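Report on one structure; see the data block that follows.
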Amino acid sequence: MPETKNRYTAADIQVLEGLEAVRRRPSMYIGSTDERGLHHLVYEIVDNSIDEAMAGFCDRIDIVIMPDGSVRVSDNGRGIPIDKHPRTGKSALETVMTYLHAGGKFDSQAYKVSGGLHGVGAAVVNALSSKMSVEVTRDGKLYRQDYERGKAAGQLKVSSNGASQTGTTTWFLPDTDIFGETQFNFSTLTERFREMAFLTKGIWIHFLDERSGQRITYYFEGGIKSFVRRLNKDRGTVHEPFYMERGVEGSIVEVAIQYNDSFNESTFAFANCIHTIDGGTHLTGFRSALTRVLNDYARRQKILKDNDPNLSGEDTREGLVAVVSVKLPEPQFEGQTKTRLGNAEMKGIVESALGEELGTWLEEHPSDARRIIEKCLTAQRARDAARKARDLVIKKGFMDDSVLPGKLADCSERNPEVRELYLVEGPSAGGSAKEGRDRRFQAILPLRGKILNVEKARPDKMLAHEEIKAIITALGAGFGEDLDLAKLRYHRVIIMTDADVDGAHIRTLLLTFFFRYMRDLIERGHLYIAQPPLYRVQYRRDVRWFYSDKERDAYLSKLKDGKGVTIQRYKGLGEMNPNQLWETTMDPDIRTVLSVNVEDAMRADTIFTQLMGEEVAPRKSFIQSHYDQVRNLDV
Ligand code: 0RA
């Protein structure tokens, strides 16, 4: 914990701007007024309680979503001070709730962990709420004040309750004049609360959604150490997690590391509990310490001989799961989305703190250390092999369309912008698709058998896999670092699989491949998922296709008598004749295709990791329990 500053005095708050500015330009303060902005209100309030927890005075936060769309957040901290503020002449509480810190912009998190009053967020929430009230318990009294659209609606009321506990309860109702969307999303909130709980060791977060009665409690004794354990839950791990926490010059550095037996890196970096997706100085310091310490150790132990090359940064990050969390007084967030930490001093602080702590840990855990180094050496050797394989493969004409795969049924159109490539599961479906398509602009690549799980294979293995090789060659744009979309032979790549669990699995494997090796293709909107129907319903001579149980039932319930109705369930694409496949799934005039996008690459990554984990059971249950959503999968 940082050393907390001297006791708070009301004069510490820098004032002073009214809240009209917030109502005039809400997006400047909360990013947007859509669903995201709405949720941001809750985070702002909970953040204040989290700050109180980080200062060491609070270990419990209760959040309740009410049926009327209002939210209540309570904590057992010291309670917002109520003493009189010298500049405003009002209570500290009212000052905090009805004035804006100078410069209290959306991107300014400067008040966090700074020992000052964490008020900016609460005032912004107040400005954007049609009603709000704050109750403070301290000094054996209960204080309460109500607000409307950022203005006090009455005096601070005091009653004596004689209770010894302290705390703050904030209740607010988002203003429907400001927010287009006022429905809170349970899982959006739980995800964030879980992250907050992970990042704040020892905090209990209780969340109740009164609309549905759902409730959930988060508590992670080990903080980010629990986080890495959780991330590795379904994988084989190489050792017990490494964990360190150290205070340096008013900042706190926390790092947890655990290698697993996969080949991907998942490092999450946070600054003051904000997920810095674009990294920054703390991440740079982390990486350079990791590479340096592992190389030093390997040399000292003579695992690396004098003539052996150093482990590269990449070599030390295969199978790495890590969380880096720093807390600092005046964080600077950079970049368009303010998700990169800019404070230059953080690089050195993290690098030396981690360098020392990890160095010591390796010395004290020689068998864990050896396994980690072995893992890095394997990565180094494999990277070498992959480089050679790739050179070979490129030489062999991988990116040359004179060697298109034999089973590709190409189209006649030459302009890549209008060309489509269907990746079709199963030979019989492939046959129907070939016959049913419009051969001017639709090409078919039938895929046989299993698609390689690229999550479990290195690039050299991947390139040896027939189906993957065929996809890469057909697309003609290379892959990985060499991906060149200017060479892409089809601007629409459409995955067409059965509408069942196996189809969903194959689709996931394909998406994983694209995600890992052709992410830009997804990002540029070239990847789609075909939507074959689930049912064919014939009523007398009228034939219709339905894409969900709901649509089918709605139609059936409208038929007066059930006579003359035949319902056929399509289990596989192969059951449709070419004509039907064209009409239901491939005809651009009537088909629907889902565009795949990488909105949130990190989330997709986590989901992929979960889906692709070594152990089969969790993957199965994920696919089954999310089957409805899988139809509308957005990666
Ligand atoms: C500054 C000083 C003190 C408490 C807080 C801030 C505080 C703010 C919030 C906002 C939500 N929950 C909170 N809990 C505490 C206390 C100063 C003192 O009593 O010495």
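As the structure is a computational prediction, the values presented were derived from the model and not from experiment. First listed ligand is number 1; within each ligand, the first listed atom is number 1.
- Remark: Y259 engages no residue in a side-chain hydrogen bond (donor to acceptor under 3.5 Å, both in side chains) (not counting sequence neighbours).
- Within ligand 1, the atoms closer than 4.0 Å to a non-hydrogen atom of T168 are 12 (N), 13 (C), 14 (N), numbered from 1 in the order shown.
- The cationic group of R215 does not satisfy the cation-pi geometry with F207, failing either the under 6.0 Å distance to the six-membered ring centre or the 45° limit from the ring axis.
- When D75, L93, N48 are ranked by how near their heavy atoms come to atom 12 (N) of ligand 1, first place goes to D75.
- Legend: residues meeting side-chain hydrogen bond (donor to acceptor under 3.5 Å, both in side chains) with D368, ordered by chain and number and at least two apart, are R371.
- Residue-level proximity to ligand 1 for A122 is absent, since no heavy atom of it falls below 4.0 angstrom.
- Side-chain polar atoms of Q145 and Q155 form no donor-acceptor pair below 3.5 angstrom.
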